[in-house]
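Chain letters run A, B, ... following the sequence lines, proteins first and then strands; every chain starts at 1. A quick note: this is a predicted structure, and the numbers were derived from the prediction, not measured.
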2 protein chains.
Amino acid sequence: MDKILRIDVSGARPSFKEEGLGEYAGLGGRALTSAVVNAEVPADCHPLGPENKLVIAPGMLSGTAAVNSGRLSVGCKSPLTGGIKEANAGGQAAQVLAKLGYAAVILEGERSGDDLYVVRISKDGVKIEADSSVRMLTNYQLAEKFKDEYSKNGSMISIGTAGEMRMANSTVAVTDPEGRPTRHAGRGGVGAVMGSKGIKTILVDGAGAKMLQPKDPEKFKAANKVFTEGLQKHPVTGQGLPTYGTNILTNVVNEAGAYPSYNFKTGRYKDAAKISGEAQAELETKRGGNPTHGCHRGCVMRCSGVFVDKDGNYVTKQPEYETVWSHGGNCGICDLDEIARLDFLDDDYGLDTIEMGATIGVAMEAGLLEFGDAQKAIDLVHEVGKGTPLGRILGSGTGATAKAFGLERAPVVKNQAMPAYDPRAVKGVGVTYATTPMGADHTAGYAVTANILKVGGEVDPLKAEGQVDLSRNLQIATAAVDATGMCLFVAFAVLDQPETFQALIDMLNAMYGLELTADDVSELGKSILKNERDFNARAGFTAAHDRLPRYFRREALEPHNVTFDISDDELDTVFNW
Amino acid sequence: MDKILRIDVSGARPSFKEEGLGEYAGLGGRALTSAVVNAEVPADCHPLGPENKLVIAPGMLSGTAAVNSGRLSVGCKSPLTGGIKEANAGGQAAQVLAKLGYAAVILEGERSGDDLYVVRISKDGVKIEADSSVRMLTNYQLAEKFKDEYSKNGSMISIGTAGEMRMANSTVAVTDPEGRPTRHAGRGGVGAVMGSKGIKTILVDGAGAKMLQPKDPEKFKAANKVFTEGLQKHPVTGQGLPTYGTNILTNVVNEAGAYPSYNFKTGRYKDAAKISGEAQAELETKRGGNPTHGCHRGCVMRCSGVFVDKDGNYVTKQPEYETVWSHGGNCGICDLDEIARLDFLDDDYGLDTIEMGATIGVAMEAGLLEFGDAQKAIDLVHEVGKGTPLGRILGSGTGATAKAFGLERAPVVKNQAMPAYDPRAVKGVGVTYATTPMGADHTAGYAVTANILKVGGEVDPLKAEGQVDLSRNLQIATAAVDATGMCLFVAFAVLDQPETFQALIDMLNAMYGLELTADDVSELGKSILKNERDFNARAGFTAAHDRLPRYFRREALEPHNVTFDISDDELDTVFNW
């Protein structure tokens, strides 16, 4: 993993070159994407203009024997937030790219004309070809078209119609072990940047590519064993996630009164039980689906799954907690089949499920449809995927939709929609939403851990005390984890079990012949955040952007009757370390 | 003019109170609106939320015998830019409000329900009544409905359907001497803020209201005489504007190669002569319209006019240069009748003509219609006025439209569309676009004067040298003029003729019993800009926002083959005084 593949779309047709890592040596995943974007993309450029770049990077442990190391980071200047963006996805591509030796694939330059291109990467080299037949294909249509090329040994990275239309809500999709485009670098409109470069699909063929070998194989193997055991013995990663998937959180967060319902109007949803992970797993099992499945080979947590209809036919991957929430409780929809249908459409058109569901919630508040109207919600997603005028509004995201309909109540930070945790009742997450360089993003500092799950400590979710420290520490740790290619869920075990954390460090050291300490890992996280904040500052972001919308301070949330009451001054200390 | 009328829309129905000027004593127009907004509106609030306020203020000389003192300032946090906004309009309202003693009318508080209200202000007091019959009426429909109440002695301030729907492109309309809603505080979506307060119409009845008396009547009268003579003898204000209106600029700017055509693709428009002020005035005269008309009583420049159809029937007021440009050359439309129709529709629905035309130009680039397709352009404006999904996109402004269709080429600064002067070929205006707190706005520092018209000096429009100084001085002077209630066009005479400038100062001194010097007037301008920049800084604006879109640096403009080449460092010195 010592090469960067640069694909320049300027000129009559795209060209490519391969080069060494140079100044980026030693970086992977989010550390690499944020370093490249900060160094090479002018902060004041237009996200869809020629100066922006799309950086696709496996993590530092991707392509090795390390379990759960299959995350693929996708970075750029975000069309949604206008700031730096790293979104990452599971699926097979990170492993394959890493095994082929690529630390990053960078799409850059100015597209001429409107041809669409298919990129093929294998051990035999790189091919880039114009292909008019892919125009306005969805992700599942692309998967069907190209499955023979990648499904056995490789993976497909692609954009659906949303990315092709350069919508601010558009994802980069990655196929799973079954070759389905179910894993998405979802947030921030990364798909639109790929679309702006005219690259529709990247087919990565791993045939003949070998697993990456550690500098110290014995030490690596031993550490990987300890790490795996750590994941398997922790109740969240060893039991909760495998059995129920991420949707196990519905009942938990709803019980905590932090489940944003009806466009963030209340913190409890009366029909939460109907769409809970327990109900979902039971339904899947009964129908012959599968609630326990890995999104990439080498995963031991297997929190993904397969959702089938009443006849046992594939509908979509098991919808994640945030998806079930965004289209479910947030929209007053309590039917798992309807939610699964929405999940499929989001994946197929290439839409971020969080942003899409939050957008529909705003559309409901605007009166375009009633809360609870699942069929109309499905119709709306089709409008987005087909690019009708209404679809263009909704595809521009939650903030743009609220603006188009003249509403204040847009649950966004830096124009990105808040996920499935109300910041008034999980205040640590509120701090993360407000301050992460990414825009509202639970994964950037998942304070649900100590706030609700009692993992990695315990901080009262309803009080202001301790939330800034909690979010700061999690944001640093998360940035580091996002550099490794590890699934973020390893954090549950890493936070609670010192030996699991040490095993992760040991793997990095064994792989690269390093002597990193826990402090070094923390420094890595800080350096990533520093790059990201540096970019954002030059793009015009200030402390004024590290805020929640005012109505979260004004409107109290039932059932705890809480507002977001962490002061601006406190928020401004998050990055004082 | 010693009262502020505060209308609070909170509670079951709006209430009002009158109070003294207090800390705002001595301020008028833009000085007053920007002071109130900066002091009372939290910079981080949502423009359509309860914390925003709409401040409507006549100028310091409004309501007096001073000629051309009929500008009405409208201020708020802008729904379009997210920064502070002052937009001003001619028409009758400023004079009448001033004569009734109101230095400002402030709409504030949180609207409950969706009732719409009509406010009536007369010497007998203030009445506020819910009126369901005004819902989704256009400005001309409102004028027809209420004409008996205001057309003889008063004025109507209103929002069309765009403001009622809280669109980011929506104006506050003011009626002219004939009672027509032809004068608009156009820029920045001020109409949406009025809409967010549920106030559809303010009827101002001047019956029995007396002209305001100066502290020193003789001195005032003498100064007004010198001032009037100054306007009448200057070639621009005494001849060009009365004869041809503002559209006299079409040939001038086109000849200079600074006429942005086809969505800012080229600086000359082949059919400019067909839509020039000369052609327009000739057509109006031939048909029995009127090219020489004042937008309010007491105007001696009379640059407005009346546009009639071939049968002599009223179509709209004489479209301004910027309107003829935005819907004309910018869209490749060269038919004055079609442009007049578009102007009428903009006024009727309550849309800023600059923003609307620039938006249609972007829609043309997006492929929604062909450049030059006037009928389709008219259809699009109807979509906006009726609030269809496509209309919601376009009504959200030029930047939002480009975003919805995934285009980089949005000619906006701070999300507000650039007017009719290409910043690459009139670089002083480019500096103003980039740096004014208002977003791209020619009126904020009209460097066309020295760049092209050779008024107030001479600075080569194609070179970087001298533009920052020029823009700085004009921005300061303009802010001061905008405080007086004077039409900005007095600046042509004021800049060239020292005695005309002195007469303006003399009028202020005679009116208020002051001893202002030219330096004091400059200090007033600086203090206004300081308020505005203070607000914007707290709203999150930085130097990164004082920039043109990068493509103005990348793409050269024909015929002079120039890019915008004033460095960021230079731009950052504009407010160093």
Side-chain angles (χ1 to χ4, degrees), chain A residues 42-52 79-80 110 162-168 170 189 192 195-196 366 368 383 387-397 400-410 536-551 553-554 568, chain B residues 42-52 79-80 110 162-168 170 189 192 195-196 366 368 383 387-397 400-410 536-551 553-554 568:
Chain A
D44 65 342
C45 78
H46 193 286
L48 303 178
E51 298 95 348
N52 202 4
L80 186 71
E110 180 163 20
E164 187 177 333
M165 291 186 285
R166 304 178 300 282
M167 288 179 170
S170 56
S196 76
L368 268 74
E383 300 238 12
T388 67
L390 180 55
R392 290 279 185 177
I393 296 174
L394 305 173
S396 295
T401 299
K403 187 165 180 181
F405 292 98
L407 297 183
E408 178 188 13
R409 297 187 79 267
N536 279 3
R538 287 182 294 114
F541 285 79
T542 70
H545 301 94
D546 287 349
R547 302 287 181 262
L548 302 185
R550 279 182 77 94
Y551 72 90
R553 293 191 182 278
R554 197 171 66 225
D568 291 349
Chain B
D44 66 342
C45 78
H46 193 285
L48 303 177
E51 298 96 348
N52 201 5
L80 186 72
E110 180 163 18
E164 186 176 334
M165 291 186 285
R166 304 179 300 282
M167 288 179 170
S170 56
S196 76
L368 269 73
E383 300 237 12
T388 67
L390 180 55
R392 291 278 185 176
I393 296 174
L394 305 173
S396 295
T401 299
K403 187 165 180 180
F405 292 98
L407 297 183
E408 178 190 12
R409 297 186 80 266
N536 278 3
R538 287 182 293 114
F541 286 79
T542 70
H545 301 94
D546 287 349
R547 301 287 181 262
L548 302 186
R550 279 182 77 94
Y551 72 90
R553 293 192 182 277
R554 196 171 68 224
D568 291 348

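Just one of B:Arg547, B:Arg553, B:Arg550 meets the side-chain hydrogen bond (donor to acceptor under 3.5 Å, both in side chains) condition when paired with A:Asp44; it is B:Arg550. The residue from A:Pro50, A:Pro47, A:Ser196, A:Cys45 that alone fulfils the side-chain contact (heavy atoms from CB on, under 4.5 Å) condition with B:Glu408 is A:Pro50.
Only the backbone of B:Ala539 comes within less than 4.5 Å of a heavy atom of chain A; no side-chain atom from C-beta onward does. Of the two parts of B:Ala168, only the side chain, counted from C-beta on, holds a non-hydrogen atom closer than 4.5 Å to a non-hydrogen atom of chain A. Looking at A:Ala543, neither its backbone nor its side chain comes within 4.5 Å of chain B, counting heavy atoms on both sides. Interface residue A:Phe405: backbone and side-chain heavy atoms are both found under 4.5 Å from chain B. Contacts between A:Ala192 and chain B at a heavy-atom distance below 4.5 Å are absent for every atom of the residue. Contacts of B:Leu368 with chain A are absent, with no heavy-atom separation under 4.5 Å from either backbone or side chain. Using a 4.5 Å cut-off between heavy atoms, A:Glu51 touches chain B through its side chain atoms alone. Contact of A:Met165 with chain B is made through the backbone alone, with heavy-atom distances under 4.5 Å.
The CZ atom of B:Arg392 sits 8.0 Å away from atom CD1 of A:Ile393, with the distance rounded to the nearest 0.5 Å.
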| request: Report the C-alpha distance between A:Arg166 and B:Leu407 in whole Å, list the side-chain angles of each, state the deciding distance to 0.1 Å, and finish with yes or no for side chain to side chain contact (heavy atoms under 4.5 Å, CB included). | output: CA-CA 8 Å; A:Arg166 304 178 300 282; B:Leu407 297 183; 4.1 Å; yes
| query | How far apart are the C-alpha atoms of A:Arg409 and B:His46, what are their side-chain angles, what is the distance that settles it, and do they pass the side chain to side chain contact (heavy atoms under 4.5 Å, CB included) test? | reply | CA-CA 9 Å; A:Arg409 297 187 79 267; B:His46 193 285; over 6 Å; no
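The greatest number of non-hydrogen atom pairs below 4.5 Å with chain B, out of A:Ala544, A:Gly397, A:Gly189, A:Pro389, is found for A:Pro389. In terms of heavy-atom pairs under 4.5 angstrom with chain B, the leader among A:Gly395, A:Ala404, A:Ser396 is A:Ala404. Across A:Arg554, A:Arg538, A:Met167, the residue that shares the most heavy-atom pairs under 4.5 angstrom with chain B is A:Arg554.
The minimum heavy-atom distance linking B:His545 with A:Gly540 is given by the pair CE1-O, 3.0 Å.
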